[in-house]
Amino acid sequence: MALMLVDARGMSCPEPLLMTKKAMGESPAGFQVIVDNNTARENVARFAKGNGYCVKVEQDGNDYVLTITRE
Amino acid sequence: MDDKKGIVLAGAVIGALAVVLVQAGNAVNYGLCIACFIRDTVGALGLHRAEAVQYIRPELLGIGLGAFLAAAIKKEFSPRGGSAPLIRFVLGFFVIIGALMFLGCPLRMVLRLAGGDLNAVFGLLGFIAGIVTGIYFLNRGFSLKRTYALSRAEGYIFPGLNLAVLSLLAAAPPFILFSVKGPGAAHAPALLSLAAGLVVGVAAQRTRLCMVGGIRDAVLFREWYLLSGFLAIFVTALVGNLAVGKFNLGFTGQSIAHTDGLWNFLGMALAGWGSVLLGGCPLRQLVLSGEGNIDSVIAVLGMAAGAAFAHNFGLASSANGPTFNGQVAVIIGFVVVLAVARFHMDKSPAVKMKGGMKVGSDVG
């Protein structure tokens, strides 16, 4: 299944979270977010977990891919 | 949950250090203030000539260096920039104009509240109003666009600058100006100030502590993480001030403060709004600068320029209240920040399909 991919690399606080929030509305079942720093990774993961999502984080070079799914 | 304990602990340490710094010589409710410390430091460098507020603040330099060291050790030092640099300079400039109307950055606002200074209640209300205004634009697509990776050398300039200014404090050549009276003359021993700054820089870097982010995230996402750090600073400084007899409840007779509620409100409204658009309060900009974020360095340089202009043009308030020039500058600030917000609302959805995946910077 191809998940919607949100590219939040290079975006400053709080834009990665706003994009994640928007994605929850667009694709409530699940989606992926790419970020390029620890702060955004922590913030997006904390926010998704707080909204009842499961979060899987994979490192891809300097980026992090967060797979956010209902589970 | 663990990270929440971390930020509460960081806030408690910062609140306690603020009280310790006052006990050791800083002016009352002046333990930590990024806006004031930038203003004092540019004064010492001779960029303004307000004789009462000239001192190279080791706390300020320590925060930048502490954030740099923490980021370097944790492999989070990552030079990047290119996201609307001149806009960030301008926003930094007006954040300080607003802060010096109120007489304090958001961090000092919390410390003033913790010292019983009720004028800061108007500041807090303005700060919240400014943040909510900023959120209005964030919700409508406000963005200063992406940052890009830069060379490591670029990232070393800011910590290098901090070290250079610190060496000027140590060497004290005749062209560096030091206040002999006033807030600039009231300071803790330099080594204690530097050590406190280093601790604050490390703590704030590790926890991402941000005064603006606390209220912004609570309103925007019902996310309380950053706000818990903000509250921990308040509670610890309040307890500390009560313990050492520095709690003085009221409006009048407060240290480095004035009683004009309207302009306290408007000053912090401008600082709050500008900071939301920058993505963080002056403390956070300083910490990000240490991490190699050149956009934040530009914002800090804008703050330094703003602080110098604030005293050269008579814009900063004093204990006697705001100045007419300062009121005009704050109004100009609102117009400029509104223009920045209005012209950076990104309406383009920029979503495309790529290999069966929807890819976009904006999923709307």
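FYI, side chains are in, hydrogens and waters are out, and symmetry mates aren't considered; it's all heavy atoms of this structure.
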K.L.:
In terms of heavy-atom proximity below 4.5 Å to chain A, should B/Phe142 be classed as side chain, backbone, both, or neither?
P.N.:
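The answer is the backbone of B/Phe142.
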
K.L.:
Against chain A, label B/Leu144 side chain, backbone, both or neither, depending on which of its atoms sit under 4.5 Å from a heavy atom there.
P.N.:
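Just its backbone gets close to chain A.
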
K.L.:
Could you check whether any side-chain heavy atom of A/Met24 comes within less than 4.5 Å of a side-chain heavy atom of A/Asn51, counting everything from C-beta outward?
P.N.:
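Side chain of A/Met24 against side chain of A/Asn51, heavy atoms only: contact under 4.5 Å found.
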
K.L.:
Apply the test side-chain hydrogen bond (donor to acceptor under 3.5 Å, both in side chains) to residues A/Asn37 and A/Tyr64: give CA-CA distance (whole Å), side-chain angles for both, the deciding distance (0.1 Å), then the verdict.
P.N.:
CA-CA 8 Å; A/Asn37 65 81; A/Tyr64 299 96; over 6 Å; no

K.L.:
If the threshold is 4.0 Å, N to carboxylate O, is there a salt bridge linking B/Glu291 and B/Lys74?
P.N.:
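No, this pair does not count.
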
K.L.:
Pick from A/Asp7, A/Ile34, A/Val35: which one makes a side chain to side chain contact (heavy atoms under 4.5 Å, CB included) with A/Asp63?
P.N.:
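With A/Asp63 as partner, side chain to side chain contact (heavy atoms under 4.5 Å, CB included) holds for just one option, A/Ile34.
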
K.L.:
Please rank B/Ser78, B/Gly280, B/Gly213, B/Ser143 by heavy-atom pairs under 4.5 Å with chain A and give me the top one.
P.N.:
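The residue among B/Ser78, B/Gly280, B/Gly213, B/Ser143 with the greatest pair count is B/Ser143.
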
K.L.:
Distance to the ring centre below 6.0 angstrom and angle to the axis at most 45 degrees; does that hold for B/Arg146 and B/Tyr148?
P.N.:
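Relative to the ring axis of B/Tyr148, which defines the angle, B/Arg146 lies outside at least one limit.
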
K.L.:
Considering only heavy atoms, which portion of A/Thr39 lies under 4.5 Å from any heavy atom of chain B: side chain, backbone, both, or neither?
P.N.:
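Its backbone and side chain both get close to chain B.
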
K.L.:
With sequence neighbours left out, write down each residue that passes side-chain hydrogen bond (donor to acceptor under 3.5 Å, both in side chains) with A/Tyr53, or none if nothing qualifies.
P.N.:
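Not a single residue meets the side-chain hydrogen bond (donor to acceptor under 3.5 Å, both in side chains) criterion with A/Tyr53.
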
K.L.:
May I ask you to test the B/Ile63-B/Ile34 pair for a side-chain heavy-atom distance under 4.5 Å?
P.N.:
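A side-chain contact exists here, since the closest heavy-atom pair is under 4.5 Å.
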
K.L.:
Quick one: what part of B/Arg284 sits under 4.5 Å from any heavy atom of chain A, side chain, backbone, both or neither?
P.N.:
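Only the side chain of B/Arg284 comes within 4.5 Å of chain A.
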
K.L.:
Determine the interplanar angle of the B/Phe68 and B/Phe77 rings, folded into 0 to 90°, and report it as parallel if under 30°, tilted if 30 to 60°, perpendicular if over 60°.
P.N.:
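Perpendicular: the ring planes of B/Phe68 and B/Phe77 meet at over 60°.
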
K.L.:
Anything in residues 41-50 of chain A with a heavy-atom distance to chain B below 4.5 Å? Please list those residues in order.
P.N.:
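Checking residues 41-50 of chain A against chain B gives A/Glu42, A/Arg46, A/Phe47.
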
K.L.:
Given B/Val276, which partner from the list B/Thr133, B/Ile131, B/Leu91 fulfils the side chain to side chain contact (heavy atoms under 4.5 Å, CB included) test?
P.N.:
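Exactly one pass, corresponding to B/Ile131.
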
K.L.:
Quick one: what part of A/Asp36 sits under 4.5 Å from any heavy atom of chain B, side chain, backbone, both or neither?
P.N.:
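Both parts, heavy atoms under 4.5 Å.
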
